Amino acid sequence: MANEIYLPTDHVVDRSRLPSFEQYQDMHKQSLDEPQQFWADIVNDIHWQTPPESGNFMTYNFDITKGKIFVKCLEGSLTNVCFNVLDKNVRNGYGDKIAFYWEGNHPEDYSRVTYAKLYDLVCQFGNALRDRNIGKGDRVAIYMPMILETVVCMLACARIGAIHSVVFAGFSSDSLAERMSDCKAKVLVTADGGWRGTKLLTLKDTCDEAIQKAKEKYNHEVKTCIVVAHLERVTACGKLPHDLRDLYKWNQDVDVWWHEMMEGQSNICPPEWMQAEDPLFMLYTSGSTGKPKGVLHTTAGYLLYAKATFRYVFDHRDKDIYWCTADVGWITGHTYVVYAPLANGATCVMFEGTPFYPDNDRYWAIIEKYKVTQFYTAPTAIRALMKFGDSHVKKHNMSTLRVLASVGEPINPEAWLWYYKLVGSNRCSIADTFWQTETGGHVITSIPAATPMKPGCAGYPFFGVDPVILDNDGQVVTGVGEGYLTFKRPWPGIMRTLYGDHDRFQDVYFKRFPGYYCTGDGAKRDEDGMIWVTGRIDDMLNVSGHLMSTSEVESVLTEDSRVSEAAVVAKPHKVKGESLYCFVSLNEGATYNAELVDALKRRVRDRIGAFAAPDVIQFAPGMPKTRSGKIMRRVLRKIALGESDFGDISTLADPSVLDELVKHRST
Ligand code: WTA
């Protein structure tokens, strides 16, 4: 069943710009053999203040044994990403086109912004930042809800050459402090608060704490905090204090209102012309050693790749209405809420709320309301919505949909089929887009009208992408087989370094298999040559599409003085994909009880964020270790799953710990 092939239907093919598999294959071949010629169309569709040198599309070294890893694309050119996504569209006559329909958490809160209006706002905010001495190369931290000002702020940074560092607004103040300090952000942009369903997010309050912690813990001073007054303009969806100011402290020396900064600002703001490899933004992603990695993307290659993937993977046409539900705090929100759609002059929906408020049909209601043609979401959301049955979907007219897409983790065939049959009425294509913060844009995916689809299978490489499956010894797996998913050469959108730590960049991604970029994911190629991504093969956890490392959570757990050792494994979860199952050993005199469990769960929420909260904290009198002292996570995974066949345990130093672990297993 899961291996069944689904072909694109006429509903998709008839309106497509890439309507056949042969055409995809020819284009893919050309993208590898003659990159310069292949990319020329899209390169020519970008405004260059100084055009790239011809004959110099990409230079790189991908082989660590030959020296430093580097990737350069379209060298010699000068451009500006903001100019391309705004000025260029306005100049081409799209000024009155809607750039975003904004839909608030409450259905009565909505607004829209045209390309011309967005251009004005971005220029004004760019000038406001320049007034505060923010310019090329400065880092701007952003901790915001899904509101239009967030887009304005990101684009204003791009316009003046500042590097934005968006921190997902679900992260705790500790996480925000660490990220702001690591990149030495000069300013922080936030909102007083926001609603998610009936839950109030007190963002400004978290920012106050983070600024304080940055100073105390990292000796880094964030001099300005810019605050959007969001709460007073939207419907309260839960309890609010009588006076909104009770939600936070106002610090005259640091805090400034967004609207006050915007007052009287001119809407003329000359763009900073950036070199091809000047940084555009950085975005932190979890690293397996705990400390987050500041993935850095640069200007020309990222823009080119974002523009191209959006054009083909969503099969975008001029009158389409595109909606990506991702939060801007993640890479999907960067590339496919902001840069890629705007680079194509698209009309997008931006949604502040949750799929479950005011009712569990909110996504479908929004698709109907705005006549959405492309819908991009995550498997965890699909699984959560499946639970409520089919009637919520059937209530709404979603006949405008053409392309459905998925991202964040492997989509299980059951969810794929529900998405395909019910949401897509058996006629939309599903693009299961595999990619990473590091890859900048889609790397393995279906192309809606061109490639066949299989439920749960990511599919084919995007243009310029050359995937290779390697076995444990680094031997290339040809034909049918399974192994590590790697890439043999760069594509324009790949990250260039980790902010301030090029050595770590080389170690993490290029050391394991010299000559290849190693994704950290496993993959298999099937008899039809299609690629299935099987999940992480490093110590990473993927909870509801949020990546985190086992060691990151373990080090938080061991901060509690009662815990002597902690080990965290992923346990499959029906909705979240994976959930955290933690084992803790305790120090002499400490007792395992409900209070300890609560305290540990709270600690993880506070230090990392609510999305990282463990489902289970189990007492472990001892950990299953090898003779060399390495914890055997494989065994712990079995305990978490409730299994009792532990496989080969001959390397286990003390097998008696297994009985103890089984005895204390959480039911
Ligand atoms: C996983 C999100 C299977 C994968 C864009 C990857 C996927 C990690 C898929 C990156 C998919 C993302 N199929 N696995 N379609 N999409 N992943 O950096 O493990 O937040 O390495 O970027 O998510 O997560 P990140």
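Each ligand, and each atom within it, is numbered from 1 in the order the structure gives. Bear in mind that the values here come from a model prediction, so they are computed numbers and not experimental data.
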(message) Is it the case that the side chain of S286 and the backbone of L547 share a donor-acceptor pair, with hydrogens and angles ignored and the cut-off at 3.5 Å?
(response) yes
(request) Any atoms of ligand 1 less than 4.0 Å from a non-hydrogen atom of V407? List them with their elements. (result) 5 (C), 16 (N)
(message) Measuring from non-hydrogen atoms of G408 to any atom of ligand 1, is the shortest distance under 4.0 Å?
(response) yes
(request) Between T332 and ligand 1, find which residue part has any heavy-atom pair under 4.0 Å and reply side chain, backbone, both or neither. (result) side chain
(request) Kindly assign one of parallel, tilted or perpendicular to the pair H297 and Y302, based on the angle between their ring planes and the thresholds 30° and 60°. (result) tilted
(message) Check whether Y60 forms a cation-pi arrangement with R489 (NZ or CZ under 6.0 Å from the six-membered ring centre, at most 45° off the ring normal).
(response) no
(request) Would you check whether S406 has a nitrogen or oxygen atom less than 3.5 angstrom from a nitrogen or oxygen atom of ligand 1? (result) no
(request) Looking only at distances, please establish whether an N/O atom of ligand 1 is found under 3.5 Å from an N/O atom of D521. (result) yes
(message) Salt bridge or not between K601 and D615? Use side-chain N to carboxylate O under 4.0 Å.
(response) no
(message) Any nitrogen or oxygen of R536 lying under 3.5 Å from a nitrogen or oxygen in ligand 1? Just yes or no.
(response) yes
(request) Can you pull out the closest protein heavy atom to atom 11 (C) of ligand 1? Residue, atom name and distance to 0.1 Å, please. (result) E409 O, 3.5 Å
(message) Tell me whether the count of non-hydrogen atoms from other residues, nucleotides or ligands lying under 6.0 Å of CD in Q23 goes above 12.
(response) yes
(request) Give the ring-plane orientation class for W491 versus F487, where under 30° counts as parallel, over 60° as perpendicular and anything between as tilted. (result) perpendicular
(request) Please check if the distance between the ring centroids of H334 and F281 is under 6.0 Å. (result) yes
(request) Please answer whether the main-chain N or O of R17 pairs with a side-chain N or O of D315 as donor and acceptor at a distance below 3.5 Å. (result) yes
(message) Please list the nearest protein heavy atom to atom 8 (C) of ligand 1 with its residue and the distance rounded to 0.1 Å.
(response) L547 CD1, 4.0 Å
(request) Among all protein heavy atoms, pick out the one at the shortest distance from atom 20 (O) of ligand 1; state its residue, atom name and that distance to 0.1 Å. (result) T437 OG1, 3.8 Å
(request) Take every heavy atom of W435, measure it against each atom of ligand 1, and state whether any distance is under 4.0 Å. (result) yes
(request) Check each atom of ligand 1 against the heavy atoms of V533 and keep those under 4.0 Å away; list them by number with element. (result) 3 (C), 14 (N)
(request) Report the nearest protein non-hydrogen atom to atom 3 (C) of ligand 1: residue, atom name, distance rounded to 0.1 Å. (result) P410 N, 3.0 Å
